[in-house]
Number of protein chains: 2
Amino acid sequence: MGIHERKEREKEQRREEILNAAQAVFFERGLQNSTMDEIAEKAELSKGTLYLYYGSKEDLYLAVMVRGFDLLHEMCVDVIGSSGSPVEAMWNLGKSYYEFFEKHRNFFHMFYFLQSPTLHKQVSPDMMEACNAQTNKTWKLVIDLFQRGIEEGTFRKDINPIEAAVILWSSANSILIRIDNECERWKEQLNVDLVQVYFRSNALFLESMMTKDAYTSYASLLSEVQTQTP
Amino acid sequence: MGIHERKEREKEQRREEILNAAQAVFFERGLQNSTMDEIAEKAELSKGTLYLYYGSKEDLYLAVMVRGFDLLHEMCVDVIGSSGSPVEAMWNLGKSYYEFFEKHRNFFHMFYFLQSPTLHKQVSPDMMEACNAQTNKTWKLVIDLFQRGIEEGTFRKDINPIEAAVILWSSANSILIRIDNECERWKEQLNVDLVQVYFRSNALFLESMMTKDAYTSYASLLSEVQTQTP
DNA sequence: CTCTTATTATGACCGCCAGTCAGTTATTAC
DNA sequence: GTAATAACTGACTGGCGGTCATAATAAGAG
């Protein structure tokens, strides 16, 4: 009796198809300017059907966002796997996050959504939980990396790996947001290149968290950022 | 012929009255859940009249936000004026920004709005310009403070004051946002107090920007943050 | 005080859209 | 073939941002 399983599979496939349509529309128009009618049309379904698979427009938005978090997580795993030491990995994470920002700007934009609680009106607890689970996974990667560095003696013993992760990730993120919104403004009015600021900020934080020993041996790595300014 | 002036005054007063009503409603419900009808009712005017004074709901929102920026700017001026050295002032700015966050949470929430360009659909260029002018003023305060510290020899000569301001302010801001949204989650799941992280992050940054001389003389100031952890 | 003109205010109305639900179509079970 | 179940549809509702013809009020002229 494989009928039940086939149905299950087909249902999952529908969910994916709807998600594909939603992703295309959200990427093009953003949350506010996308309509469920347009998503339905793109998915070649009626609007009512969308609501059989997702509870609200915002739930659908979050579901697309989770794909972005997946991608980001995968990227982090790759970077950490292909880097030597924790310090190097941390630095490479910063670089890769910038690449993610450039390459997947659409997903990055979606991530903003989580920062404004007033927008969450229609998000179901389930979907929110799924989203949190996904981000927790990635946080864990970074925290563990700090932990490893502390144990190996490259990061200071007196820092808390969780705190360090929060500080580094938050500051990196906030500067990327600023690049996204205000890059030209800073360039024109004050002749400051925010992209450079991003890398300097990362370097500064890493330096201040490293032990003296590690600092001398990794100085060349972090000085990459200086070579960008002639 | 004072009639014209009186009319001008009355018009300005109406604008203020509308702004007061809008502020009350936006504070209570946020941008998405506030309606122009409710604001009109609170202002004891018809909806149509609102549009004689403000171009859109979002313009009105920005106008309220500018009040928040005003408040913040005033606070910064006070703090800098009543602090001794640039380092001390910078540290106090961090503390005061946290107080602002706690006391004027409603304004802080409004500030998010600027980070999501997709929400700006209806903002008029004029209003946006007014908003930028206001934030530029405050940025200038912080940048000048760094400049002064560099000249006095408390901050390293090799840092760019503008970059330093961006890094410090952005990272502080992003951690406050995290406190706002996720404070309980971090406390419960990982037993981390984000408020402490906020102050540690500020201290870390300031330390890494100070000269060695300044560091030794201000160590006691920044160690405030440590005394919070038994 | 009266008439004309200019300014300010009104609220019914429009178009748009998220979400609903009674009804239709397709699929499975017997 | 038929009953039962599942999947899908699209017209409809309610709510809201924004508009505009009209009304009310105030100012100026005679």
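None of these values were measured; they are calculated from a predicted model. Below, chain A is the first sequence line, B the second, and so on; all start at residue 1.
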>> Students often get this wrong, so: under 4.0 angstrom with heavy atoms, is Tyr54(B) touching a base, only sugar-phosphate, or nothing?
In response: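 If one applies the 4.0 Å heavy-atom cut-off, Tyr54(B) turns out to touch nothing in the nucleic acid.
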>> Need one value for Leu52(A): base, sugar-phosphate or nothing, where a base atom within 4.0 Å counts as base even if backbone is also close, heavy atoms only.
In response: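 The answer is base, as Leu52(A) lies within the cut-off (heavy atoms under 4.0 Å) of a base atom.
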> If only atom types and distance count, is the side chain of Ser201(A) paired as donor or acceptor with the main-chain N or O of Val197(A) below 3.5 Å?
Replying inline: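 Not a single qualifying donor-acceptor pair exists.
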Length of the line joining [X]:[atom1] and [N]:[atom2], which is rounded to integer Å:
X: Glu17(B); N: dA9(C); atom1: CD; atom2: C1'; result: 14 Å
X: Glu38(B); N: dG17(D); atom1: CD; atom2: C1'; result: 15 Å
X: Arg15(A); N: dA7(D); atom1: CZ; atom2: P; result: 13 Å
X: Tyr61(B); N: dG17(D); atom1: OH; atom2: C1'; result: 17 Å
X: Leu50(B); N: dG11(C); atom1: CG; atom2: C1'; result: 12 Å
X: Glu41(A); N: dT9(D); atom1: CD; atom2: C1'; result: 15 Å
X: Glu44(A); N: dG10(D); atom1: CD; atom2: P; result: 13 Å
X: Glu10(A); N: dA7(D); atom1: CD; atom2: P; result: 9 Å

> What pairs meet the side-chain hydrogen bond (donor to acceptor under 3.5 Å, both in side chains) rule with one or both residues in residues 52-62 of chain B, with sequence neighbours excluded?
Replying inline: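 The answer is Asp59(B)-Ser124(B).
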For a quick test of your reading: what N or O donor-acceptor pairs under 3.5 Å do the side chains of residues 68-77 of chain B make, sequence neighbours left out?
{"unit_1": "Asp70(B)", "atom_1": "OD1", "unit_2": "Gln134(B)", "atom_2": "NE2", "d": "3.0"}

Sequence neighbours excluded and cut-off under 3.5 Å, please list the side-chain donor-acceptor pairs for residues 44-51 of chain B, or say none.
{"unit_1": "Ser46(B)", "atom_1": "OG", "unit_2": "Thr49(B)", "atom_2": "OG1", "d": "3.1"}

Kindly list each side-chain donor-acceptor pair under 3.5 angstrom involving residues 34-43 of chain B, sequence neighbours excluded, with atom names and distances?
{"unit_1": "Ser34(B)", "atom_1": "OG", "unit_2": "Val25(B)", "atom_2": "O", "d": "3.4"}
{"unit_1": "Ser34(B)", "atom_1": "OG", "unit_2": "Gly30(B)", "atom_2": "O", "d": "2.6"}
{"unit_1": "Thr35(B)", "atom_1": "OG1", "unit_2": "Glu38(B)", "atom_2": "N", "d": "3.0"}
{"unit_1": "Glu38(B)", "atom_1": "OE1", "unit_2": "Arg29(B)", "atom_2": "NE", "d": "2.8"}
{"unit_1": "Glu38(B)", "atom_1": "OE2", "unit_2": "Arg29(B)", "atom_2": "NE", "d": "3.2"}
{"unit_1": "Glu38(B)", "atom_1": "OE2", "unit_2": "Arg29(B)", "atom_2": "NH2", "d": "3.1"}

>> Under the rule for side chain to side chain contact (heavy atoms under 4.5 Å, CB included), what residues qualify as partners of Asp144(B), not counting sequence neighbours?
In response: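 Asp144(B) satisfies side chain to side chain contact (heavy atoms under 4.5 Å, CB included) with Lys140(B) once adjacent residues are dropped.
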Using OP1 and OP2 only, check whether a side-chain N or O of [X] sits under 4.0 Å from [N].
X: Arg6(A); N: dT28(C); result: yes
X: Thr49(A); N: dC8(D); result: no
X: Arg14(A); N: dC8(D); result: yes

Every protein N/O lying under 3.5 Å from an N/O of nucleotides 18-20 of chain C:
{"unit_1": "dA18(C)", "atom_1": "OP1", "unit_2": "Ser34(A)", "atom_2": "O", "d": "3.0"}
{"unit_1": "dA18(C)", "atom_1": "OP1", "unit_2": "Lys57(A)", "atom_2": "NZ", "d": "2.9"}
{"unit_1": "dA18(C)", "atom_1": "OP2", "unit_2": "Met36(A)", "atom_2": "N", "d": "2.8"}
{"unit_1": "dA18(C)", "atom_1": "N7", "unit_2": "Lys47(A)", "atom_2": "NZ", "d": "3.0"}
{"unit_1": "dG19(C)", "atom_1": "OP2", "unit_2": "Tyr51(A)", "atom_2": "OH", "d": "2.9"}
{"unit_1": "dG19(C)", "atom_1": "OP2", "unit_2": "Lys57(A)", "atom_2": "N", "d": "3.0"}
{"unit_1": "dG19(C)", "atom_1": "N7", "unit_2": "Lys47(A)", "atom_2": "NZ", "d": "3.1"}
{"unit_1": "dG19(C)", "atom_1": "O6", "unit_2": "Lys47(A)", "atom_2": "NZ", "d": "2.8"}

> Does the distance from a Lys or Arg side-chain N to an Asp or Glu carboxylate O, for Glu12(B) and Arg9(B), drop under 4.0 Å?
Replying inline: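 The answer is no: the pair does not qualify as a salt bridge.
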